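To start, the structure under review is shown below, and the notes come after it.
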Amino acid sequence: TKTEFKETIKKFNQVNLPYSNKEDLQQVCSILRLLREDSSNTKERKRLELLCNKISAIYHENFRKVPEIVKELNALAE
């Protein structure tokens, strides 16, 4: 339901409070909203995957991976 989705997004944001790049988190939430309407949107699914990979790389201090992920994200935006 819409209420459950809003609660889940709220919990996601609370769990990720320590994450410094709030724009990434906002993008994840926006993509989830879009995919809720159209789950077959492959471009948004790929963006979501890349953003999650970026967040994970930063969380695990695997900073070498971040530039390549950002490059892929930028390529999707073109």
Side-chain angles (χ1 to χ4, degrees):
T1 67
K2 195 171 192 174
T3 304
E4 290 172 327
F5 181 76
K6 285 182 181 181
E7 277 301 308
T8 302
I9 293 294
K10 186 177 176 181
K11 287 178 186 176
F12 171 79
N13 285 319
Q14 288 172 342
V15 166
N16 288 293
L17 275 175
Y19 185 71
S20 61
N21 192 340
K22 301 303 179 197
E23 184 180 326
D24 287 348
L25 300 177
Q26 290 172 344
Q27 286 184 47
V28 167
C29 292
S30 294
I31 293 168
L32 289 172
R33 287 183 186 93
L34 288 171
L35 289 174
R36 215 167 162 239
E37 300 297 321
D38 179 14
S39 62
S40 65
N41 187 328
T42 55
K43 183 176 180 179
E44 293 304 315
R45 292 170 75 91
K46 182 64 177 176
R47 280 185 62 223
L48 179 62
E49 176 187 354
L50 289 169
L51 281 167
C52 289
N53 287 343
K54 180 183 174 191
I55 292 167
S56 177
I58 291 170
Y59 176 81
H60 293 288
E61 298 181 356
N62 194 348
F63 302 114
R64 291 177 289 116
K65 287 186 174 182
V66 174
E68 183 61 34
I69 295 168
V70 169
K71 183 178 173 183
E72 289 183 61
L73 282 165
N74 290 338
L76 277 177
E78 293 175 353

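As the structure is a prediction and not an experimental result, all values here were calculated from the model.
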With sequence neighbours excluded, residues passing side chain to side chain contact (heavy atoms under 4.5 Å, CB included) with Lys6
Lys2
Non-neighbouring partners of Thr1 that pass side chain to side chain contact (heavy atoms under 4.5 Å, CB included), sequence neighbours left out:
Thr3, Glu4
So, taking the atom named [atom1] in [X] and the one named [atom2] in [Y], what distance separates them when rounded to the nearest 0.5 Å?
{"X": "Leu32", "Y": "Ile9", "atom1": "CG", "atom2": "CD1", "value": "5.0 Å"}
{"X": "Arg45", "Y": "Asp38", "atom1": "CZ", "atom2": "CG", "value": "9.5 Å"}
{"X": "Arg36", "Y": "Asn41", "atom1": "CZ", "atom2": "CG", "value": "15.5 Å"}

So side-chain hydrogen bond (donor to acceptor under 3.5 Å, both in side chains) across residues 59-78, not counting sequence neighbours, yields none
Go through the structure and list residues passing side chain to side chain donor-acceptor pair (under 3.5 Å) with Ser39, not counting sequence neighbours.
none
Among all residues two or more places apart in sequence or in another chain, which pass the salt bridge (charged side-chain N to carboxylate O under 4.0 Å, His left out) test with Lys46?
Glu49
Check: residues 20-29 side-chain donor-acceptor pairs under 3.5 Å, at least two apart:
from, atom 1, to, atom 2, distance (Å)
Asn21, OD1, Glu23, N, 3.2
Asn21, OD1, Asp24, N, 3.4
Asn21, ND2, Asp24, OD2, 3.3
Lys22, NZ, Leu17, O, 2.5
Lys22, NZ, Tyr19, O, 2.8
Glu23, OE2, Gln27, NE2, 3.2
Asp24, OD1, Lys54, NZ, 3.2
Asp24, OD2, Tyr19, OH, 2.7
Asp24, OD2, Lys54, NZ, 3.1
Gln27, OE1, Arg47, NH2, 3.1

Quick one: are Leu35 and Leu48 in side-chain contact, heavy atoms under 4.5 Å?
yes
Please check if Ile55 and Phe63 belong to a single hydrophobic cluster, counting links between Ile, Leu, Val, Met, Phe, Trp and Tyr side chain heavy atoms closer than 4.5 Å.
yes
One pair to check against side chain to side chain contact (heavy atoms under 4.5 Å, CB included): Leu51 and Ile31. What are the steps and the verdict?
CA-CA 10 Å; Leu51 281 167; Ile31 293 168; 3.6 Å; yes
